[in-house]
Trainee: 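Got a structure for you, written out below as structure tokens; questions coming shortly.
Predicted model, so just to flag it, every value in this text is computed and none were measured. Just follow the structure's listing: the first ligand is 1, and inside any ligand the first atom is 1. Side-chain atoms are counted along with the backbone in the values below, which use heavy atoms only and exclude waters and symmetry mates.
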Amino acid sequence: MTSTTTTPRSATGAVALRGVTKVYGRGDGTVLALDGVSLDVSPGEFVCLVGASGCGKSTLLNLVAGLDRVSGGEIALGPGVNPGLMFQESALFPWLTVEGNVEVPLKLRGLSRARRRERVAELLRTVHLADFGRKRPHELSGGMRQRVALARTLALETPVLLMDEPFGALDAMTRDILHDELERIWSERQLTVLFVTHNVREAARLADRIILLSSRPGRIIWSTRVDVPRPRRIDSPEVAAIAAEVTDRLREEVGRHGR
Ligand code: ADP
Ligand code: MG
């Protein structure tokens, strides 16, 4: 197990991990989920974390989000940064309208009613749901619900988005549209995104940098920069070539584990 006493240089990056280790459980039943993970995400960078199921991707994101504590090492965020977290399920409040859901973080932030109304309208325009504010979550498609979840996360006004397979449950066409929208919003708002997926094409479509995690324990085993110009298409030869390279590395990794 790795641990470190050096303080991460949070000033240099939006998110900094130094020798992060996570152990679940006690005694005989312990699981070493992450082992000595160090990673710097630059402000404005879009980083995709890929790896087989169970390799510790969600664990890493939850630690960065502050939902759980590291067992060793350190995580630093920019001063005052409270990252927004988005999951595969939209986790909307079913009893609230779309507007009501997006308004929740604005209420928590103490915005006036007039200001909230303005911001909700603006955020719904951003995710192309301007005409759906009065609907309830069950009246929307899965893709629309994820857009609402994105608008609600954007309402936090945080510069750092943590996304845990946010489009994993969507059909390919809807996912494609949401990739375009996320890329636009990321670029307009100069967000820093740490995006987890097991879909290598999605990673190649979105990322500035792809990080590959090994399984049991989760360690960073490989990374690559994606220098394909934006906006990208998921079916472009350049994106396919990067995806193929990542797949090869993943295969090697799974092969090493004899599965
Ligand atoms: P991924 O998101 O890459 O699929 P996870 O981070 O969910 O992986 O899980 C990594 C490992 O840690 C897995 O072996 C999983 O079973 C284990 N794990 C995750 N959460 C817990 C928990 N709360 N208690 C015990 N083990 C856990
Ligand atoms: Mg997961």
Trainee: Quick one: CD1 on Ile210 to SG on Cys48, what's the gap to the nearest 0.5 Å?
Mentor: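 So the CD1 of Ile210 and the SG of Cys48 are separated by 6.5 Å.
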
Trainee: Among all the protein's non-hydrogen atoms, which is closest to atom 7 (O) of ligand 1, and how far away is it?
Mentor: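 Ranked first by proximity to atom 7 (O) of ligand 1 is Ser58 CB, 3.8 Å.
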
Trainee: Which atoms from ligand 1 have a heavy atom of Ser53 less than 4.0 Å away?
Mentor: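 This gives 4 (O) as the contact atoms.
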
Trainee: Quick check on contacts: which atoms of ligand 1 are under 4.0 angstrom from a heavy atom of Thr59?
Mentor: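 Once the distances to Thr59 are compared, the set is 5 (P), 6 (O), 9 (O), 10 (C).
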
Trainee: Would one find more than 12 heavy atoms of other residues, nucleotides or ligands at under 6.0 Å from atom CZ of Arg209?
Mentor: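 Yes, the 6.0 Å shell around CZ holds more than 12 heavy atoms from other groups.
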
Trainee: Can you tell me which residue pairs pass the ring-ring contact (aromatic ring centres under 6.0 Å, His included) test with a partner in residues 53-108, sequence neighbours excluded?
Mentor: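 For residues 53-108, and leaving out neighbouring residues, the ring-ring contact (aromatic ring centres under 6.0 Å, His included) pairs sorted by first residue read Phe93-Trp95.
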
Trainee: Have a look around the Mg ion (ligand 2) and list protein N/O/S atoms under 2.8 Å, or say none.
Mentor: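 Protein N, O or S atoms closer than 2.8 Å to the Mg ion (ligand 2): Ser58 OG.
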
Trainee: Tell me, please: is Cys55 in heavy-atom contact with ligand 1, that is, under 4.0 Å?
Mentor: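 Cys55 counts as a contact of ligand 1 under the 4.0 Å cut-off.
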
Trainee: Does some non-hydrogen atom of the protein lie less than 4.0 angstrom from atom 15 (C) of ligand 1?
Mentor: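 No.
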
Trainee: Mind checking whether Lys22 has a heavy atom under 4.0 Å from ligand 1?
Mentor: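 No, Lys22 has no heavy atom closer than 4.0 Å to ligand 1.
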
Trainee: What's the shortest distance from atom 1 (P) of ligand 1 to any protein heavy atom, and which residue and atom give it?
Mentor: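 For this ligand atom, the closest protein heavy atom is Gly54 N, 3.5 Å.
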
Trainee: Report yes or no: does a heavy atom of Gly56 sit under 4.0 Å from some atom of ligand 1?
Mentor: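 Within the 4.0 Å threshold, so yes.
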
Trainee: Are side-chain heavy atoms of Leu32 and Arg216 found at a separation under 4.5 Å?
Mentor: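 A side-chain contact is absent here, since even the closest heavy-atom pair is not under 4.5 Å.
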
Trainee: Side chains of Ser58 and Asp164: do they bring a donor and an acceptor to under 3.5 Å?
Mentor: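 A donor-acceptor contact under 3.5 Å links the two side chains.
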
Trainee: Could you tell me which atoms of ligand 1, counted from 1 in the order shown, lie closer than 4.0 angstrom to a heavy atom of Ala33?
Mentor: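 Listed by number with element: 12 (O).
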
Trainee: Of the options Asp235, Asn199, Asp180, which is the one that meets Arg205 in a side chain to side chain contact (heavy atoms under 4.5 Å, CB included)?
Mentor: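 Among the candidates, only Asp180 passes.
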
